Number of protein chains: 2
Amino acid sequence: MAATIRDVARVAGVTPSTVSYALSGKRAISEETRERIQRAIAELDFTPNAGARALALSQTNVLGLFLQFQEDEFAPAMLQYVLPVSTTARNHGFDLLMVTDPDVDAAIRRTTSSAMVDGVVLLDVTYDDPRLEPLRQTRQPVALIGYAKNAEGFDAVDLDFGEAARNALDHLAGLGHREVVLVTPPRHVFERGGSYAWRFSDAAAERAARHGMQLHIVEGESRQPALGQAVTAALDRYPSATGLVVHNDATIAALPSLLHDRGISVPDDLSVVGMFSAEFGTAFSLPYTSVDTRPELLGEWAVSRLVERIADPDGAEPPQVRLIEPGFVDRGSTRAVG
Amino acid sequence: MAATIRDVARVAGVTPSTVSYALSGKRAISEETRERIQRAIAELDFTPNAGARALALSQTNVLGLFLQFQEDEFAPAMLQYVLPVSTTARNHGFDLLMVTDPDVDAAIRRTTSSAMVDGVVLLDVTYDDPRLEPLRQTRQPVALIGYAKNAEGFDAVDLDFGEAARNALDHLAGLGHREVVLVTPPRHVFERGGSYAWRFSDAAAERAARHGMQLHIVEGESRQPALGQAVTAALDRYPSATGLVVHNDATIAALPSLLHDRGISVPDDLSVVGMFSAEFGTAFSLPYTSVDTRPELLGEWAVSRLVERIADPDGAEPPQVRLIEPGFVDRGSTRAVG
DNA sequence: CTGAAAGCGCTTACAG
DNA sequence: CTGAAAGCGCTTACAG
């Protein structure tokens, strides 16, 4: 059996409460006593039992991370968000319970009503996300990564996809492009309520109009060969387009291969702007200028808010929806035209 | 505050112990009492407090999943193992604490000595894995995914990479190939002790010799452009090779683009055999025949063993190293030659 | 078939 | 500066 606080107390010749206070620093302990306790802890290799602590403190120092791997989604994209969440949590002294249970309702009540977690991060939130309703019943604070219609009562953070689209379009307009193709996320993302899909497209359309550019919006796909055919068909249909904006993870990952297939050289034949994070770009060796989706900032913000609320459940500011400014990384895949 | 077992007992007009037994089914309860308790539970929306349960039972129903995202690794490959582990754990009634802390020693003692988890799954285990030593001190059972020099005392599971190599070579030999290039994992994987790297290469070399084939073993890379240059250089150097075996995640993901660059058509100009899972193949739309790495079997096996040991710490069989038979999926990227 | 009590291993008001 | 005791919310031997 592992050593308990009583064992430490006995070896150090004090009471358990003194050991506890020495550990927490919540009251003054004489130097000499502190040292005896330290020695006893080291000797017995004592670590406080997490369950007992949680029970006494009503706090587990564990955050729940809820995510789903959708069959038709590009799984690697999800990963970019997981690591920043994990790292930020750890920096604040929290561990992460990763919940992928398809039965989300059951998972929510299992982990929150039982007080396994002190807070919840919800990944890949959709506009009509059905997980929000069950989460309203929980006493733990919740932070959403993604944009929902009814996020009332929750902190939420997402990239400013409108601004992202404007960045992409402005960049191409500034280089003189007059006709541009936009590849969107696949249809099922729109259908499922992935608001980033239409927020980007709508803003792109509006911005193109303002610049007097022609913008051809085509639906992308999530898998080969459909994904390649969608791009190919678009390029065939709009042969005079000089710019390509890709807002689709699977498509951008496959784009180098696709463009080579067609003998299209970037940026000489076509200027390309993607939507992806630095990490994603590195993993897939993407040579494209991109609007950076900054997953690390989203993850950090969500966890930080959660931690503030856990520390001070009442004192915290009202829940807030935060839009993160996208980045822009020029990798030389666009050129001036006209 | 959440309802406690005392609240339920009061509403149902019984004692907490009766509620507990009704919940666990560990002793007979009259039908009528059971119903009153059920009603009270529903009315109060009661879920047992996990910390209190853990304290009383010395079991948390949480498994620790330890993984590291190496800077120079192809992160998406890790993901294939995470989901099966998570799913299998859930099917056995366990949740997953995902630990990515770079300070592995601290993370191990924090989660195991404190009894946060009932068992540990270690991902991406290396031959000299430094995490094994601290894990020997824990009282929780441990399951390794990967192959280590000194796995004594641990259950361990890995793909039979030797058999995988033989499958690939036999397949090409059967089609009449006499000269084949093998692209290995990057050098740092060998250096870090990723035994799958040399177990595959060594077995491939041996098997090629037995078939009287020429096998050119070249070191792959993990990032563009180095990754492409490595393949290109190899193909330039061995122009008469008719087969290519790729045991390198980043390289196989980029291969479609690479081969198109060179105008190489598969399988007409070159027969290609990869090493990747069905899921990986789908995510990256890989059109190559592959030896299947079966991450779902590895994850399942590791978790199942762990769960058995947790259920019966003494009764279980001695720890075991299990090699999983690779699969083979013909996607038509090889052809007969000669 | 059910109850009253002790215990799991902590924390923290209450005393001195 | 330190101790003795109660309590967090469960489970389970002990009794009847």
Side-chain angles (χ1 to χ4, degrees), chain A residues 1-38 40-41 44-62 93 110-118 139, chain B residues 1-38 40-41 44-62 93 110-118 139:
Chain A
M1 278 326 294
T4 71
I5 199 170
R6 291 189 53 187
D7 301 322
V8 174
R10 188 167 25 73
V11 169
V14 295
T15 61
S17 67
T18 301
V19 175
S20 178
Y21 283 117
L23 246 27
S24 68
K26 286 189 181 167
R27 80 179 180 193
I29 305 278
S30 76
E31 190 50 35
E32 191 224 326
T33 306
R34 178 187 307 286
E35 271 169 21
R36 284 212 315 279
I37 292 175
Q38 290 305 350
I41 287 175
L44 297 174
D45 194 23
F46 167 73
T47 313
N49 180 283
R53 272 193 112 228
L55 185 56
L57 290 173
S58 300
Q59 170 157 350
T60 60
N61 280 300
V62 172
R110 181 178 70 248
T111 55
T112 60
S113 319
S114 69
M116 291 179 81
V117 299
D118 296 333
R139 53 189 172 292
Chain B
M1 279 328 293
T4 71
I5 199 170
R6 291 189 52 188
D7 300 323
V8 174
R10 189 166 24 75
V11 169
V14 295
T15 60
S17 67
T18 303
V19 176
S20 178
Y21 283 117
L23 246 26
S24 68
K26 285 189 183 169
R27 79 178 182 193
I29 305 277
S30 76
E31 189 50 35
E32 192 224 326
T33 306
R34 178 188 305 287
E35 271 169 20
R36 284 212 316 279
I37 291 174
Q38 290 305 349
I41 287 174
L44 297 174
D45 194 23
F46 167 73
T47 312
N49 179 283
R53 270 192 113 229
L55 185 56
L57 290 172
S58 300
Q59 170 156 350
T60 60
N61 281 299
V62 173
R110 181 178 71 249
T111 56
T112 60
S113 320
S114 69
M116 291 179 82
V117 299
D118 297 332
R139 53 189 172 292

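Below, chain A is the first sequence line, B the second, and so on; all start at residue 1. Bear in mind the structure is a predicted one, so any value in this text is a computation, not a measurement.
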Handout entry: Min side-chain heavy-atom separation B:R36-B:E32 under 4.5 Å
Key = yes
Problem - Flag side-chain contact, heavy atom, 4.5 Å: A:N49 against A:T4 - result: no
Exercise for the section: Answer yes or no: does a side-chain N or O of A:S30 lie under 4.0 Å from OP1 or OP2 of D:dT2? Expected result: yes
Fill in the blank from the handout: Rounding to 0.5 Å, atoms CD (A:E35) and CD (A:E31) come to a distance of 5.0 Å
Fill in the blank from the handout: Listed range with range, the stems formed with DNA chain D by at least 3 consecutive Watson-Crick or G-U pairs (under 3.5 Å) are C:1-3 with D:14-16, C:5-12 with D:5-12, C:14-16 with D:1-3
Completion exercise
A:Q59 atom CD is separated from C:dT12 atom P, nearest whole Å, by 11 Å
Problem - Check: A:S114 side chain, B:T47 main-chain N or O, donor-acceptor pair, under 3.5 Å - result: no
Exercise for the section: Would you confirm whether B:T60, through its side chain, and B:M116, through its main-chain N or O, come within 3.5 Å as a donor-acceptor pair? Expected result: yes
Problem - Between P of C:dG9 and CG of A:L23, the distance in whole Å - result: 16 Å
Problem - Donor + acceptor pair across side chains of B:S17, B:S20 (<3.5 Å) - result: no
Exercise for the section: Could you pull out the closest heavy-atom pair between A:D7 and A:A2, with the gap in Å? Expected result: OD2-O, 4.2 Å
Exercise for the section: Record whether the side chain of A:S17 comes under 3.5 Å of the base of D:dA4 through a donor-acceptor pair of N or O atoms. Expected result: yes
Problem - 5'-most by nearest nucleotide on DNA chain C - B:G13 or B:L57 - result: B:G13
Completion exercise
Separation of C:dC1 atom C1' from B:R36 atom CZ, nearest Å, is 12 Å
Exercise for the section: Output yes when at least one side-chain N/O atom of A:S24 is less than 4.0 Å from OP1 or OP2 of C:dT11, else no. Expected result: no
Handout entry: Spacing of A:I5 atom CD1 relative to D:dG3 atom P, expressed in whole Å
Key = 12 Å
Handout entry: DNA chain C contacts made by residues 45-52 of chain B, counting heavy atoms under 4.0 Å
Key = none
Exercise for the section: Write down the distance between OH (A:Y21) and C1' (D:dG3), rounded to a whole number of angstrom. Expected result: 10 Å
Practice task
Rounded off to whole Å, could you give me the CD1-to-C1' distance for the B:I37 and C:dC1 pair?
Solution key: 11 Å
Exercise for the section: Ignoring backbone atoms, establish whether A:T15 has a side-chain N or O less than 4.0 Å from OP1 or OP2 of D:dA4. Expected result: no
Handout entry: Polar side-chain atom of A:R139 near backbone of A:S113 as donor-acceptor pair, under 3.5 Å
Key = yes
Practice task
Flag the pair A:L23 / A:I41 as yes when at least one side-chain heavy-atom distance between them is below 4.5 Å, and no otherwise.
Solution key: yes
Practice task
Report yes or no: is there a donor-acceptor pair, N or O only, under 3.5 Å between the side chain of A:R27 and the base of D:dG3?
Solution key: yes
Practice task
Would you indicate, yes or no, if C:dT12 has its OP1 or OP2 atom less than 4.0 angstrom from a side-chain nitrogen or oxygen of A:S20?
Solution key: no
Exercise for the section: Take B:A28 and B:A56, find for each the nucleotide of DNA chain C with the closest heavy atom, and name the residue whose nucleotide sits nearer the 5' end. Expected result: B:A28
Problem - Any A:R6 side-chain N or O less than 4.0 Å from OP1/OP2 of C:dG9 - result: no
Completion exercise
Here the distance between atom P of C:dT12 and atom CG of A:L55, to the nearest Å, is 12 Å
Exercise for the section: Keeping the roles fixed (side chain from B:D118, backbone from B:Q59), state whether a donor-acceptor pair exists under 3.5 Å. Expected result: no
Exercise for the section: Check whether any side-chain nitrogen or oxygen of A:K26 sits under 4.0 Å from OP1 or OP2 of C:dT12, and answer yes or no. Expected result: yes
